[in-house]
There are 2 protein chains.
Amino acid sequence: MAVREFYSITELTREFDVSTRTLRFYEDEGLIHPVRRGRTRLYRPADRQLLRQILRGKRLGFSIAEIREIIQMYREPPGEVGQLKLMIRRIDEKREALRQKRRDLEDALGELDLAEDNCLERLAELGVST
Amino acid sequence: MAVREFYSITELTREFDVSTRTLRFYEDEGLIHPVRRGRTRLYRPADRQLLRQILRGKRLGFSIAEIREIIQMYREPPGEVGQLKLMIRRIDEKREALRQKRRDLEDALGELDLAEDNCLERLAELGVST
DNA sequence: TGCCTGAGTTACGTAAAAGTCAATTGCGTG
DNA sequence: CACGCAATTGACTTTTACGTAACTCAGGCA
């Protein structure tokens, strides 16, 4: 199955393991804009890609509002200089937020390592070979 | 001010920028267990450290329930072999979850870079020196 | 003694992000 | 054509993570 022109809503729910309600909710929130044939939604590859980014944002703990902001940044840059500079500033802010998250992540990973070491040591004390 | 024996609830709210309501809520949820003098809560350095970890979990987008699980892992390892092995397995699972988050993070950072490049390029086209 | 001040408890409220349910509607097919 | 099935819309519900009263209590101090 090569690159498809359209995906149905249920195809996407299966692929990304979300409900139809969720996809419609994201549409109400202005995150995705699938085209329509009659009333039924048709998702293009770009919509699918966008959904992937949205769900990634969710996994990172961003709210819908924050995700909406981030989506703006992925869009075509505006034509006006002031707007462009503003957008660059906001991109920098988001990047800083992500870097903070990365630090949190590394710290948490480090502490998990310590916790595991404790467990292994305890096992060794009990004479269990790992 | 060296290492203090106890911190009051308001001291912690100031240090970590959370409300007293939040701290009491976390206690209700079984995340922190400060000692008491009469009815007033006294937070030890270990409680303070734990709070730091809780808030880091929040920033990473974990729910209270997930944070509760993670806290279990930071605790003293259990004495029984089966429990120890179980805990190690769960630690590995959490680590995998964190690594997925790290991948998400790196991807998102990469796309922000692309978005910024687009903006810079657009600025260059408009003859603006950055 | 009267009054702050900081802390506590109980109870109710709320916003975000969906889940659930009911009532249609359109489409392909036997 | 009637049927079943997938989709749609709209209304209502739920869960999570606190916020917001409203009131009480103990200690210090003028």
Side-chain angles (χ1 to χ4, degrees), chain A residues 4-44 47-48 50-72 97 101 104 108, chain B residues 1 4-44 47-48 50-72 97 101 104:
Chain A
R4 301 263 307 272
E5 190 176 2
F6 294 123
Y7 304 85
S8 77
I9 193 167
T10 37
E11 282 174 328
L12 286 193
T13 65
R14 293 207 182 99
E15 178 173 358
F16 292 101
D17 193 32
V18 293
S19 68
T20 58
R21 183 69 186 82
T22 299
L23 293 183
R24 295 185 191 119
F25 174 69
Y26 288 165
E27 185 172 347
D28 283 349
E29 291 293 312
L31 299 186
I32 325 181
H33 305 284
V35 297
R36 302 257 177 158
R37 181 169 50 207
R39 300 198 306 169
T40 79
R41 295 162 173 83
L42 297 178
Y43 295 83
R44 293 151 294 187
D47 296 319
R48 185 161 158 281
L50 185 53
L51 178 58
R52 185 189 308 283
Q53 294 174 349
I54 292 170
L55 295 177
R56 194 179 58 210
K58 287 248 67 186
R59 287 196 300 273
L60 289 173
F62 288 109
S63 71
I64 298 291
E66 288 172 307
I67 290 172
R68 200 183 351 251
E69 280 183 53
I70 295 175
I71 285 178
Q72 311 270 318
K101 258 177 210 203
D104 286 336
Chain B
M1 189 183 342
R4 301 261 308 272
E5 191 176 2
F6 294 123
Y7 304 85
S8 76
I9 193 166
T10 36
E11 282 174 328
L12 286 194
T13 65
R14 292 206 183 98
E15 178 174 358
F16 293 101
D17 194 32
V18 292
S19 67
T20 59
R21 180 71 183 84
T22 299
L23 292 183
R24 295 186 188 120
F25 173 70
Y26 288 165
E27 187 173 347
D28 283 349
E29 291 293 312
L31 299 186
I32 325 179
H33 304 283
V35 297
R36 302 254 178 161
R37 180 168 49 209
R39 299 198 309 169
T40 78
R41 295 163 172 82
L42 297 179
Y43 294 83
R44 292 151 295 186
D47 296 320
R48 185 162 158 281
L50 185 53
L51 178 57
R52 187 188 305 284
Q53 295 173 348
I54 292 169
L55 296 177
R56 195 180 57 209
K58 288 244 67 183
R59 288 197 298 273
L60 289 173
F62 288 109
S63 72
I64 298 292
E66 289 171 310
I67 290 173
R68 197 178 0 243
E69 281 183 51
I70 296 175
I71 284 178
Q72 310 270 319
K101 256 176 211 205
D104 287 337

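Residue numbers begin at 1 in each chain, while the letters A, B, ... track the order of the sequences. If you're wondering where the values come from, they're calculated on a predicted model, not measured in any experiment.
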Checking contacts here: which listed nucleotide ([options]) is nearest the side-chain heavy atoms of [X]?
X        : options                  : result
Thr22(B) : dA11(D), dA7(D), dG19(D) : dG19(D)
Arg41(B) : dG8(C), dT9(D), dA17(C)  : dG8(C)
Phe25(A) : dA18(C), dT8(D), dG19(D) : dA18(C)
Thr40(B) : dG6(C), dG8(C), dA18(C)  : dG8(C)

Base, sugar-phosphate, or nothing for [X], non-hydrogen atoms under 4.0 angstrom?
X        : value
Arg36(B) : sugar-phosphate
Ser19(A) : sugar-phosphate
Ser8(A)  : sugar-phosphate

How many whole angstroms separate atom [atom1] of [X] from atom [atom2] of [N]?
X        : N       : atom1 : atom2 : answer
Arg14(A) : dA7(D)  : CZ    : C1'   : 13 Å
Ile67(A) : dA17(C) : CD1   : P     : 8 Å
Arg24(A) : dT8(D)  : CZ    : P     : 5 Å
Leu55(B) : dA17(D) : CG    : P     : 13 Å
Leu42(B) : dG6(C)  : CG    : C1'   : 13 Å
Leu31(A) : dA18(C) : CG    : P     : 10 Å
Tyr26(B) : dT16(D) : OH    : C1'   : 11 Å
Arg39(B) : dA26(D) : CZ    : C1'   : 9 Å

Lys58(A) side-chain N/O to dA17(C) phosphate OP1/OP2 under 4.0 Å:
no
Tell me, do Leu23(A) and Tyr43(A) make a side-chain contact under 4.5 Å, heavy atoms counted?
yes
Is there side-chain contact between Arg24(A) and Ile9(A), with at least one heavy-atom pair below 4.5 Å?
yes
Consider side chain to side chain donor-acceptor pair (under 3.5 Å). Of Arg59(B), Lys101(B), Arg56(B), Lys58(B), which one does Asp104(A) pass it with?
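When side chain to side chain donor-acceptor pair (under 3.5 Å) is applied between Asp104(A) and each of Arg59(B), Lys101(B), Arg56(B), Lys58(B), only Arg59(B) qualifies.
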Does a salt bridge link Asp47(A) with Arg44(A), judged by any charged N lying under 4.0 Å from a carboxylate O?
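Counted as a salt bridge, because a side-chain N and a carboxylate O are separated by less than 4.0 Å.
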If I compare all heavy atoms of Glu66(B) with all of Gly61(B), which pair ends up nearest, and what's the gap?
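Minimum heavy-atom separation between Glu66(B) and Gly61(B): OE1-O, 4.3 Å.
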